[in-house]
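The next block holds one structure in the form of structure tokens; read it before the comments.
Computed from a prediction, not measured in an experiment: that's the story for all the values here. Sequence lines set the chain letters: A, B, ... in the order given, protein chains first and strands last, and positions in each chain run from 1. For the numbers below, each heavy atom of this structure counts, side chains included, while hydrogens, waters and symmetry mates do not.
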Protein chains: 2
Amino acid sequence: MASRAADIAYAEIRGLILSGEAPPGTRLKEEELASRCGVSRTPVRDALRRLEGELFVVRNGASRMFVADWQAEDLDELFALRGMIEAHAAARAALRIGPEALAELEAVNARLGEAVAGPTPDIATFLEANRRFHDLVIAAAESPRLPAVLALLVEQPIVRRTAQHYGREALERSAAEHAELVRALAARDPEWARGVMTGHIRRAYHAFVEASRVAPARAR
Amino acid sequence: MASRAADIAYAEIRGLILSGEAPPGTRLKEEELASRCGVSRTPVRDALRRLEGELFVVRNGASRMFVADWQAEDLDELFALRGMIEAHAAARAALRIGPEALAELEAVNARLGEAVAGPTPDIATFLEANRRFHDLVIAAAESPRLPAVLALLVEQPIVRRTAQHYGREALERSAAEHAELVRALAARDPEWARGVMTGHIRRAYHAFVEASRVAPARAR
DNA sequence: CGCTTCGTTCTTGTATACAGAGGGCAACGT
DNA sequence: ACGTTGCCCTCTGTATACAAGAACGAAGCG
């Protein structure tokens with residue numbers, strides 16, 4: 001752990017943004033956040049710098065901080081970049097992954113499969129297992145830049161909204177795609193892995209577009 | 001300008017790293033840097049957070065900061081990622097660039113061409129114009145994530161070492177490739193632009209490998 | 001002679017105090 | 001009535017003081 005108070009502040013502010021409690025455009029005042037987290041302004045500033053680097057917050061010319069408006073962004077572009085990078089990671093992982101990592105991937109995906117198997121899918125468990133699965137693939141790619149790059153590209157609110165609009169068959173298909181990716185990795189076939197991941201992200205994109213169409217983003 | 005002292009510290013420390021004065025693995029002590037920059041520890045900490053986000057510095061488990069060792073990284077991977085993203089940016093720019101941006105690209109590349117035309121190429125001007133050229137392409141792509149993503153991927157020391165090992169014909173070829181990219185953008189042909197940029201980065205990769213072979217990285 | 005353990009010291013994390021800059025509001029002039 | 005200008009106030013940037021944690025060294029024990 002890097003520190004104590006700074007991490008508390010980071011987690012707290014990040015939570016505020018991801019939970020939607022601080023919607024895009026919200027003004028973030030250091031003192032306010034400091035008192036909310038029960039720490040001083042110094043660790044809050046630290047946290048804001050990190051969040052700024054991750055594009056969770058943006059600063060007005062006069063260095064005033066606001067919650068970034070990711071909804072205004074070009075989602076097609078965001079998914080295209082993410083698909084490209086994650087597909088690359090999958091291809092790279094196919095050439096480097098070891099048996100223990102493969103076993104963990106299978107275990108995580110089994111958990112994911114159980115979460116979506118019942119009559120009422122457990123979305124929270126799905127999201128957690130999904131995140132873990134993708135993180136494991138990234139780790140297996142063994143490229144120190146990849147985690148940092150993807151951190152800029154994967155917006156958890158988008159993943160969440162996408163998953164919440166998945167029907168059970170879509171959730172199961174997601175699990176099946178993960179399973180196929182595991183097979184591709186086990187076969188050490190980079191192009192197979194790349195193809196599966198590309199389709200996986202692309203499907204998520206269309207699911208998100210569908211979700212946005214049904215429930216327009218923050219209708220005004 | 002975001003601030004005064006924090007930017008001074010950021011530029012100073014970044015300069016230390018990029019100039020090679022602080023080689024990879026160098027321990028970075030806050031107080032030391034503070035006195036060196038003539039500022040307090042607070043803006044130095046700010047600068048270090050930013051540099052950490054950009055992977056210029058890494059922290060030991062106990063949060064001690066060191067200059068990141070980019071030489072130890074998989075350069076093939078670094079160039080592959082950069083090529084993929086910049087090619088994507090070029091393709092996207094082809095669909096969005098306006099006449100004034102095109103004109104500026106031509107002007108910058110003309111400056112670059114002049115810098116490498118003489119009997120003794122002006123590497124400094126080449127590097128500056130090259131950087132500006134690529135930045136303009138990124139800006140023309142109009143994707144808010146791209147600059148941040150590429151900041152993680154483009155290591156100036158690598159660009160510098162690559163350019164310094166370019167012969168004059170290679171420098172001129174670089175200018176020619178830029179010119180072809182401008183043509184592709186003017187034609188609004190994304191795949192042409194993508195192809196040119198892919199080859200451009202790929203050639204830079206091989207030039208860097210060649211440079212590393214001739215002058216092994218910091219021979220011990 | 002080597003390993004472990006304790007203490008000192010150096011460095012970073014945190015809090016607070018102060019100053020400067022920018023924005024908002026009001027009042028005045030046109 | 002609207003624009004402009006000036007003042008005030010809030011917020012951020014910076015500096016400094018203090019505390020806590022970790023690494024290094026020394027000394028004692030096996």
Side-chain angles (χ1 to χ4, degrees), chain A residues 1-17 21-69 72 144 148 151, chain B residues 1-17 21-69 72 144 148 151:
Chain A
M1 229 67 76
S3 58
R4 200 178 76 252
D7 289 332
I8 292 173
Y10 175 79
E12 175 77 19
I13 301 169
R14 194 168 187 271
L16 279 179
I17 297 172
E21 190 171 344
T26 302
R27 169 79 180 275
L28 294 173
K29 288 180 260 200
E30 292 180 356
E31 270 175 316
E32 194 177 305
L33 295 168
S35 65
R36 193 188 214 287
C37 304
V39 297
S40 157
R41 272 181 55 211
T42 311
V44 168
R45 286 175 64 80
D46 255 45
L48 286 176
R49 296 297 178 276
R50 281 165 65 186
L51 291 165
E52 186 189 4
E54 293 165 3
L55 301 184
F56 277 104
V57 303
V58 293
R59 52 197 331 160
N60 219 8
S63 66
R64 309 215 154 168
M65 299 283 238
F66 299 88
V67 176
D69 190 3
Chain B
M1 228 66 75
S3 58
R4 199 179 74 253
D7 289 332
I8 292 173
Y10 176 80
E12 175 77 19
I13 301 169
R14 196 169 187 270
L16 279 180
I17 297 171
E21 189 171 345
T26 302
R27 169 79 178 276
L28 295 173
K29 287 180 260 199
E30 292 180 356
E31 269 176 315
E32 195 176 304
L33 296 168
S35 64
R36 194 186 213 286
C37 303
V39 297
S40 157
R41 272 181 55 209
T42 312
V44 169
R45 285 176 65 79
D46 256 45
L48 286 175
R49 294 298 178 276
R50 282 165 64 186
L51 291 165
E52 185 190 2
E54 295 165 3
L55 301 184
F56 277 104
V57 303
V58 293
R59 54 199 328 163
N60 220 8
S63 66
R64 310 217 149 170
M65 300 283 238
F66 300 87
V67 176
D69 190 4

* To do: Remember a base hit wins even if backbone is also touched, and classify A:Arg45 as base, sugar-phosphate or nothing at under 4.0 Å, heavy atoms.
  =>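 Base contact.
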
Suppose we screen for side chain to side chain contact (heavy atoms under 4.5 Å, CB included). Which residues come up paired with [X], at least two apart in sequence or across chains?
X	result
B:Thr26	B:Ala22, B:Pro23, B:Val67
A:Ser40	A:Thr42, A:Pro43
B:Ala68	B:Val58

For [X], which residues count as a salt bridge (charged side-chain N to carboxylate O under 4.0 Å, His left out) partner, sequence neighbours excluded?
X	answer
B:Arg36	B:Glu12, B:Glu21
A:Arg45	A:Glu30, B:Asp46
B:Glu31	none
B:Arg64	none

[X] side chain near [N] phosphate (N/O to OP1/OP2, under 4.0 Å):
X	N	answer
A:Arg49	D:dG13	yes
B:Arg41	D:dC18	no
A:Ser63	D:dG13	yes

* Asked: How many angstroms lie between atom CD of A:Glu52 and atom CZ of B:Arg49, to the nearest 0.5 angstrom?
  ->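 Between A:Glu52 CD and B:Arg49 CZ, I get 13.5 Å after rounding to 0.5 Å.
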
* Asked: In Å and rounded to the nearest 0.5 Å, what is the CG to OG distance from A:Leu48 to A:Ser63?
  ->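 Between atom CG of A:Leu48 and atom OG of A:Ser63 there are 11.5 Å.
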
Quick one: [X] [atom1] to [N] [atom2], roughly how many Å, whole number?
X	N	atom1	atom2	result
A:Ile8	C:dG13	CD1	P	15 Å
B:Asp7	D:dT14	CG	C1'	13 Å
B:Met65	D:dA22	CE	P	17 Å
B:Glu52	C:dG13	CD	C1'	14 Å
A:Arg4	C:dT14	CZ	P	7 Å

* Asked: Of all the choices, C:dA15, D:dT16, D:dA23, which nucleotide is nearest to the side chain of B:Arg64 once you look at every atom?
  ->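 Nearest to the side chain of B:Arg64 among the choices is D:dA23.
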
* To do: Using five pairs at either end of the helix from C:dC1-D:dG30 to C:dT30-D:dA1, determine the angle between the two local helix axes and round it to 10 degrees.
  =>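 Taking the rotation axis at each end, their angle is 20°.
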
* Please list residues of residues 25-38 of chain A whose heavy atoms come under 4.0 Å from any atom in DNA chain D, ordered by number; otherwise none. =>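 Contacts with DNA chain D under 4.0 Å: A:Arg27, A:Leu28, A:Lys29, A:Glu30.
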
* For DNA chain C, whose closest nucleotide is more 5', that of A:Asn60 or that of A:Pro43? ->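 With A:Asn60 and A:Pro43 compared, the 5'-side residue is A:Pro43.
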
